[in-house]
Number of protein chains: 2
Amino acid sequence: MKRQKRTTIYDIAQRLNIAASSVSRALSNSNKVNAATKALVLKTAAEMNYQQNAMAANLRKGNNPTIGVVVPRINQGFFSNVIAGLEEITYKKGYNLIICQSNELHAREVDCVNALINQHVSCIVISIAAETGSYDHLQQVLDRQIRLIQFDRVVEELDTFKVINDNERASYEAVTHLISQGYKRIALLEGPQHLDIFRQRKDGYITALQKHGFPILQELMIENAWTKELGAEGTAQLLELPEPPDAIFASTSDFSALGVLEAATAKGITVPESLGICGYSNEPFTEITSPSITTIDQYSMSMGKTIANLYFQEMEVFDLNIEPKIVSIKPKLIIRKSTQKI
Amino acid sequence: MKRQKRTTIYDIAQRLNIAASSVSRALSNSNKVNAATKALVLKTAAEMNYQQNAMAANLRKGNNPTIGVVVPRINQGFFSNVIAGLEEITYKKGYNLIICQSNELHAREVDCVNALINQHVSCIVISIAAETGSYDHLQQVLDRQIRLIQFDRVVEELDTFKVINDNERASYEAVTHLISQGYKRIALLEGPQHLDIFRQRKDGYITALQKHGFPILQELMIENAWTKELGAEGTAQLLELPEPPDAIFASTSDFSALGVLEAATAKGITVPESLGICGYSNEPFTEITSPSITTIDQYSMSMGKTIANLYFQEMEVFDLNIEPKIVSIKPKLIIRKSTQKI
DNA sequence: AATAATTGGGCAATCGATTGCGTAATAAAA
DNA sequence: TTTTATTACGCAATCGATTGCCCAATTATT
């Protein structure tokens, strides 16, 4: 049994004995067709179960109302929320969303971007993979005059639209909060420093300490502690110090904060009394650990909406020579039990 | 400044003074072109920064290597995991993924499906919205000879491929486990009964009780308790009974189980000693509540992979008249502290 | 009544790639 | 050397919709 042909505007035209162009105009509600014919076409189209072939239409029109999204991992709270926010807006505009995940691999990210270029998407929204690499693929996007919006993990030197969190500020506030609670030796679990966001968080940490006259101690900064396991390891390491910290800011993620909490609890160290803990991201679980974990909310869903709105308001219609904008969203410190010493 | 034209096979053909068809053949590695020309074309294409226009190619070839996905919510652990699993496989096959969310709304689901039909996707993967509605839109998909795979929340009467969890079995095992722990009055928080999965879970509950000679008590079954808040409300209601239950199976989700846990804790009822709690889905947080919550893992990521493999192995190449298959994945009971009375 | 303006609709090119068919040039077979 | 087979490539139609341009019929204007 062979595939049955789908009805096209030509089928409708033939049935009604008019030209295909008229059918097209009727369907797109052009004012170059008589109201009566328009109605007739619409009725017939429905009868014949017509559905437009978007590939043909987009090819002819030379644009594809689709936004491509590349994220490290689709199933990670933050990213899936951003995508949900994006979808919320793009859906209303009749845009489609093509989703890819880089799995934190540079090569795969390049592949994804190329696939999206092939698809002639109108815009590519990306948060880059942790694996370092060149940015040629992103330059390619720009060279091809495709809109590009970077978010969260961005390549600073690339002159594109960016939607980011003010990581430094958030980090600064978190550390300031810890200080205000009376913590004196505050450690930092840091993420890969080739990624902006982690550098910024470290900067915020340092600035806050300096501002309050605290020394910056290398021994209190643990590199690359961005999973639960590494968070626990880092904590073990910190607690072995001659002068262990009395607070740990897990600037990488709530997962590493969870690792800290578990490691501390296992050692019989009470939180928040003997050790304050602050995470990053406001993952749902931070609310229900015991004690609940102080963290930073990134407004992930609204970040997705912001990205989409940026595209529709500034990039869809205007010409390409607009000045790229950087939208910085101030994350919110959510104070919970894990840092409430007072 | 106007948009610069992208290079096409014609541009390459012109530059090399050969026919576009030869360029096309060279690029698709056809054996109808000389190796030398092939190399030359490839080199020139790279030089000219050529990227295929997928819309044109797909239009001509009459197929679009894209799978459309419609889920109630993208940012929900289970669904985002399924999508991640799907992507893992489709990426390797060079397929794209278009993602839509129905937001549990029937009208929106219909919209999404239509958009996917317009896009001429090769396959639609869907988990239907909670809002009841007709299934015309899915029938449309079948009528148009587009492959359709339902998963998790499926419409039983529609004869399509289905990938589901054996909800009844999982539910049966959970309740049996509760019984084996010595719980005597086991309550059920149930989901909307017009959705299969929730009916099946209820069936499993009833079967388990009957098998072990327990009475089926209407008062112990709370309808529509599928959020954290409703779970807490249902719990409050149950605990007011003259003979309150000593275990609650939140068959709807871990979120409602969390509601149960919070409501019970608030009332000073100890878990698992005075009240056993079992959830459903194995959301990450169930591991870190105190006590940790017994739940059921649905292998969500591998479910996504299963769906993709089903498509590539059985539906991509063969003709349309294959017998739709139902793949049932047996979920796994994860026993944690919240039910370990013994 | 004659001319101008408007309306409705058809023709055919176009978007960019793919592919069936035809054929010249070359290689192999007789 | 002639005939047949093979190889490499070009021509042109095609996928399905959109759109600029042109023209006939109708309506408005003088």
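This one's a predicted model, so the numbers in the text were calculated from it and none came from an experiment. Letters go in sequence order (proteins before strands), and every chain restarts at 1.
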Could you please name the option among [options] that lies closest to any side-chain atom of [X]?
X     : options                : value
A:R60 : D:dC9, C:dC15, C:dA17  : C:dC15
B:N34 : D:dG16, C:dA17, D:dC9  : D:dC9
A:T8  : C:dG9, D:dA17, C:dT18  : D:dA17
B:K61 : C:dG16, C:dT19, D:dA17 : C:dT19
A:V33 : C:dG9, D:dT18, C:dT18  : C:dG9
B:K32 : D:dC9, C:dA17, D:dT18  : D:dC9

Calculate the interatomic distance between [X] atom [atom1] and [N] atom [atom2]; express it in whole Å.
X     : N      : atom1 : atom2 : value
A:Q51 : D:dA17 : CD    : P     : 11 Å
A:M55 : C:dA17 : CE    : P     : 15 Å
B:L40 : D:dC9  : CG    : C1'   : 14 Å
A:N53 : D:dC15 : CG    : P     : 12 Å
B:N31 : D:dA8  : CG    : C1'   : 11 Å
B:I9  : C:dG16 : CD1   : P     : 10 Å
B:Q52 : C:dG16 : CD    : C1'   : 9 Å
A:L59 : D:dC15 : CG    : P     : 14 Å

Hey, which of these two, A:H120 or A:T37, hits DNA chain C nearer its 5' end, going by closest nucleotide?
A:T37
With a cut-off of less than 4.0 Å, is there a side-chain N or O of A:Y10 near OP1 or OP2 of C:dG10?
no
Do side-chain atoms of [X] reach the backbone of [Y] as a donor and acceptor pair under 3.5 angstrom?
X      : Y      : answer
A:N53  : A:M55  : yes
B:T37  : B:V33  : no
B:H194 : B:A130 : yes

Can you classify the ring geometry of A:F151 versus A:F78 as parallel (below 30°), tilted (30 to 60°) or perpendicular (above 60°)?
tilted
Whether B:Y311 and B:Y95 hold their rings parallel, tilted or perpendicular, with breakpoints at 30° and 60°:
perpendicular
Would B:K93 and B:F312 count as a cation-pi pair here, with the cationic atom under 6.0 angstrom from the ring centre and within 45° of the axis?
yes
Take B:N49 and A:R144, measure what side chain to side chain donor-acceptor pair (under 3.5 Å) needs, and give me the verdict at the end.
CA-CA 9 Å; B:N49 238 314; A:R144 286 203 164 64; 3.1 Å; yes
Give the residues of residues 13-29 of chain A touching DNA chain C, defined as any heavy atom closer than 4.0 Å, sorted by residue number.
A:I18, A:A19, A:S21, A:S22, A:R25
